[in-house]
Every structure is written in C-alpha cells, then in structure tokens.
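Structure, as structure tokens:
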Amino acid sequence: MSDLPEHAGLSTRAVHAGEGRDPATGAATVPIYQTAPFGFPTARALEDAFLKPKEGEYIYSRMGNPTVRALERKVTALEGAEDAVAAASGMAAISTAMFTLLTPDTRLVAYRDLAGGTSGFFHRVLEPWGVEVVWVEVGAETGDGAVLEEALGGSASVLYLETPTNPTLKVVDIEAAARLGHGAGATVVVDSTFATPILQNPLELGADLVVHSLTKYLGGHGDTTGGLVVGGAEAIKEVHSRLVDMGGVMDPLAAFLIMRGVKTVKVRLLQTTENALAIARHLEAHPRVRRVNYPGLQSSPYHEVAVRQMRAFGGMLSFEVDADLEEVRRVVDSFRMIPIIPSLGSVETTLLLPAVSSHYKLSSAEREAMGIPDGLIRLSVGIEDINDILGDLDYGLAVLD
Ligand code: PLP
C-alpha cells in the first residue's frame with residue numbers, strides 16, 4: 001500500500017531487547033527489586049561502591065536499581081542508543097534533562113506544539129528561572145530553514161521538539177531541525193512519545209537526546225507513570241547525576257510493569273496503526289467531520305515527511321466535528337464504548353476534547369492558531385475490533401442528525 005510504509009525494520013527485538021536473565025537467580029523475567037538500600041559485606045566493599053562505581057553494582061535505589069536498570073537497557077537497545085535513564089514520569093524525565101542542559105541566561109528554542117505539561121514547565125518554571133524561551137511553529141525547519149535559524153539566533157543551548165505533535169498530529173522534520181540546531185550549537189531534544197522507538201528513532205536522524213513518556217505506549221496499559229531520557233553515554237551520565245540530585249526516580253514496580261508493556265509494544269502499535277488509518281479514512285468521508293489530522297492520510301500536509309522518518313503512522317489522530325462545543329459534548333457523551341480519558345497510548349480506544357482539557361489554558365485565538373478549535377476530538381486508537389470502534393463513532397456522530 002503506497003501510503004503505509006513497509007514494516008521492514010520493525011524488528012521483533014522489542015520482545016527481548018537488552019534483557020537478560022536475572023544474574024542472581026536465573027529468573028526468566030527481571031524481578032522487582034523492591035528495596036531502597038543494598039547491603040555491603042565489608043567496609044572496603046562499601047567504599048569501593050562509592051569511589052569506583054561499576055555497572056551492575058547498586059548502593060541505594062535513588063542512585064540506581066536493577067529492575068529500573070533493566071528497563072533502561074531495554075529502551076537503549078530499542079533506540080539504538082548508548083544509554084538511558086528512567087524517571088518517575090515523562091515530566092520528571094523532561095524536567096531533569098532540561099535542568100541538566102540549561103542554566104539561567106541560556107536560550108531554549110521550542111516548538112509551540114507540545115504536550116500541555118511540557119509547555120507549562122517551560123512557561124512556569126524555566127522562564128521565571130531565567131531561561132530565554134523562543135517559540136517556533138512546526139514547519140520552521142522546512143524550506144531553507146530561515147525561520148528556525150532566526151529563532152536559534154546563531155547560539156542556543158537546546159532545541160526542543162515533539163513529533164508527531166499533540167493533539168494536531170503535525171510532524172516535524174527531525175533531520176532538518178537537528179541540522180539547524182547543531183549549526184547554532186544546540187543540543188537537540190526530541191519527545192518521541194507518540195511514535196515510540198518502534199515507529200521512529202530520532203537519534204538516527206540527528207537528535208542528541210530522546211525523551212519518552214513511558215506512561216503512554218511503552219507501558220501501554222494505563223496503569224503506571226514513567227519517563228525516560230535516552231542518548232549518548234556522556235550526556236546520559238550527566239542527566240542521571242542530575243536525577244540523583246533532584247530525586248524524581250522511577251519505582252521498581254513501575255519499571256517492571258513498563259517492561260512487561262514493552263514486550264508487546266510492537267504488536268500493539270501495528271494493530272493500532274491499522275485501526276487508526278481505517279478510522280481516519282472513515283471520518284474523512286463523514287459528512288459531519290470538517291477535518292481529520294492523521295499523518296497517514298495522503299491529504300495530510302505532513303504525510304511526506306512522516307513517510308520519510310516514521311516506519312508507520314501510529315495510533316493517535318484528531319478530527320474536527322462540524323458542531324459547536326455543546327453539540328460536541330453531546331457527541332462524546334453518547335459514545336457507548338469509547339470513554340473520555342485524559343491520557344493516551346493504552347490498549348483501549350479513548351478520547352479527549354483538547355480545547356476544554358489539555359489546552360484549556362490557551363486563549364481561543366491561540367488555540368485556533370494551533371488548529372485546536374472547540375470541536376476537535378482527539379482519539380487514542382486502541383487495539384479493539386475495527387468494526388466496534390467505527391460503529392461507536394458513527395453512533396455518537398448520529399446525534400447531530
Ligand atoms: N510528552 C507527551 C507527548 C505527552 O503526551 C505527555 C503526557 O501526556 C508527556 C510528555 C508527559 O508525560 P507524563 O504524563 O508521563 O509526565
């Protein structure tokens with residue numbers, strides 16, 4: 001199919017990536033090392049652990065934990081990276097990475113289309129701390145890249161972007177953005193949560209660090225929060241050191257649950273991508289739908305770049321209903337199967353009204369400019385039978401007839 005990239009490269013390594021048997025017991029799955037400290041047989045051993053830290057030796061779970069480490073190695077393998085560090089949530093990973101890379105009076109160039117938590121952190125924490133935040137729109141990197149170059153101003157510490165974006169599914173050309181970012185000396189950080197390492201590997205396209213909210217597809221079951229930064233060994237060592245200072249570490253139980261999710265992430269994403277494409281096409285033809293945002297559609301302005309940098313288009317889409325807010329509320333309240341859930345990336349199809357939830361803090365003019373009208377519904381497509389999902393969407397939209 002011309003508009004669905006080949007799944008070549010979506011290897012089955014997700015199942016076993018970076019994971020060995022437990023060295024202590026031979027257990028076939030990594031156990032939950034539910035402990036805060038680790039004990040030492042001698043004073044010299046304790047001293048060595050602090051002065052000459054070694055991979056596979058642990059002191060205290062804020063500094064490192066075997067279950068968490070196994071997850072870090074797994075995602076490192078999936079991203080084709082050198083190392084990773086896991087944190088308590090996506091925001092813990094993002095904020096720790098930013099506190100590692102930025103100090104007051106440095107410049108952060110950020111794409112405006114970001115998850116609400118991330119833009120809130122940039123506005124409410126980094127700006128008052130003294131970081132100069134310069135905002136750009138998706139597309140700033142295209143053409144001759146002059147818009148992004150001007151924002152970078154010849155010297156920036158970080159270029160931060162998310163792709164595909166939430167909730168309008170825009171796609172940033174990672175390769176072009178990274179080239180321009182590096183030209184200004186910036187560390188290029190990509191939030192790849194919507195794609196996961198299964199659908200895209202930003203490091204291969206020039207990014208320096210990738211962040212993931214593991215709460216979403218990698219965990220995959222909506223039962224825990226987690227985040228991770230992955231990239232080169234030196235950079236990750238710095239982020240890890242800052243995480244130990246700030247303390248937002250991942251709990252071993254969360255690491256275990258997320259690792260179990262990672263084992264099936266490839267099959268879940270393939271199923272959800274197949275469902276999402278069918279739904280996007282169905283909604284595009286629906287008389288009460290004005291617009292569908294999904295990079296897998298040939299009508300999407302981001303289709304070409306998505307085909308270039310993603311292996312498949314993923315399970316997130318949004319669509320604008322030809323109705324006012326009150327009518328859209330009636331539509332979503334009448335779905336029988338699809339619940340209103342303010343998260344994404346789980347096995348069930350869920351929905352959200354971004355204008356009155358994740359993006360409610362923006363003015364209506366800002367929302368319009370970003371493509372988030374009152375009638376926009378964001379769908380996180382699950383792995384259910386496609387006919388069940390289509391049937392529920394049609395049933396809900398029929399209240400407008
Ligand atoms: N990045 C993206 C793309 C997200 O969608 C989210 C949450 O919705 C985050 C980061 C923040 O992750 P968490 O909620 O795990 O802190």
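Counting convention: from 1, in listed order, for ligands and their atoms alike. The chain is numbered in sequence order, starting from 1.
At the shortest separation from atom 13 (P) of ligand 1 among protein heavy atoms lies Gly90 N, 3.4 Å. Looking at atom 4 (C) of ligand 1, its nearest protein heavy atom turns out to be Ala115 CB, 3.6 Å. Looking only at heavy atoms of the protein, atom 16 (O) of ligand 1 is closest to Met91 N, 2.8 Å. Among protein heavy atoms, the minimum distance from atom 15 (O) of ligand 1 is reached at Thr215 OG1, 2.6 Å.
Close approach to Glu162 involves these atoms of ligand 1, each under 4.0 Å from a residue heavy atom: 3 (C). Atoms of ligand 1 lying under 4.0 Å from at least one heavy atom of Asp191, given by number and element, are 1 (N), 2 (C), 3 (C), 10 (C). Using a 4.0 Å cut-off to heavy atoms of Lys216, the atoms of ligand 1 that qualify are 5 (O), 6 (C), 7 (C), 8 (O). Applying the 4.0 Å criterion to heavy atoms of Ser213 picks out, from ligand 1, the atoms 9 (C), 10 (C), 12 (O), 13 (P), 15 (O). Every atom of ligand 1 with a heavy atom of Gly226 under 4.0 Å away is listed here by number and element: 15 (O).
Summarising the geometry of Leu209 relative to Leu203, their closest heavy-atom pair is N-CD2, 4.1 Å, with the distance given to 0.1 Å. Minimum interatomic distance between Ile338 and Leu393 (heavy atoms only, all atoms of both residues): CD1-CD2, 3.8 Å. Taking both residues in full, the closest heavy atoms of Leu317 and Leu169 are given as CA-CD2, 3.8 Å, listed atom of the first, atom of the second, then distance.
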Salt bridge (Lys or Arg N to Asp or Glu O under 4.0 Å) between Glu284 and Arg281: does it pass, once the steps are laid out? CA-CA 5 Å; Glu284 204 174 33; Arg281 287 180 175 149; over 6 Å; no
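The aromatic rings of Phe99 and Trp129 sit perpendicular to each other, their planes meeting at more than 60°, with 30° as the lower class boundary. Using a 30° and 60° split on the angle between ring planes, Phe313 and Tyr294 fall in the perpendicular class, above 60°.
When heavy-atom distances to ligand 1 are checked against a 4.0 Å cut-off, Thr225 has no atom that comes that close, whether in backbone or side chain.
Outside the 6.0 Å centre-distance limit, the rings of Phe38 and Tyr33 are not counted as a close aromatic pair.
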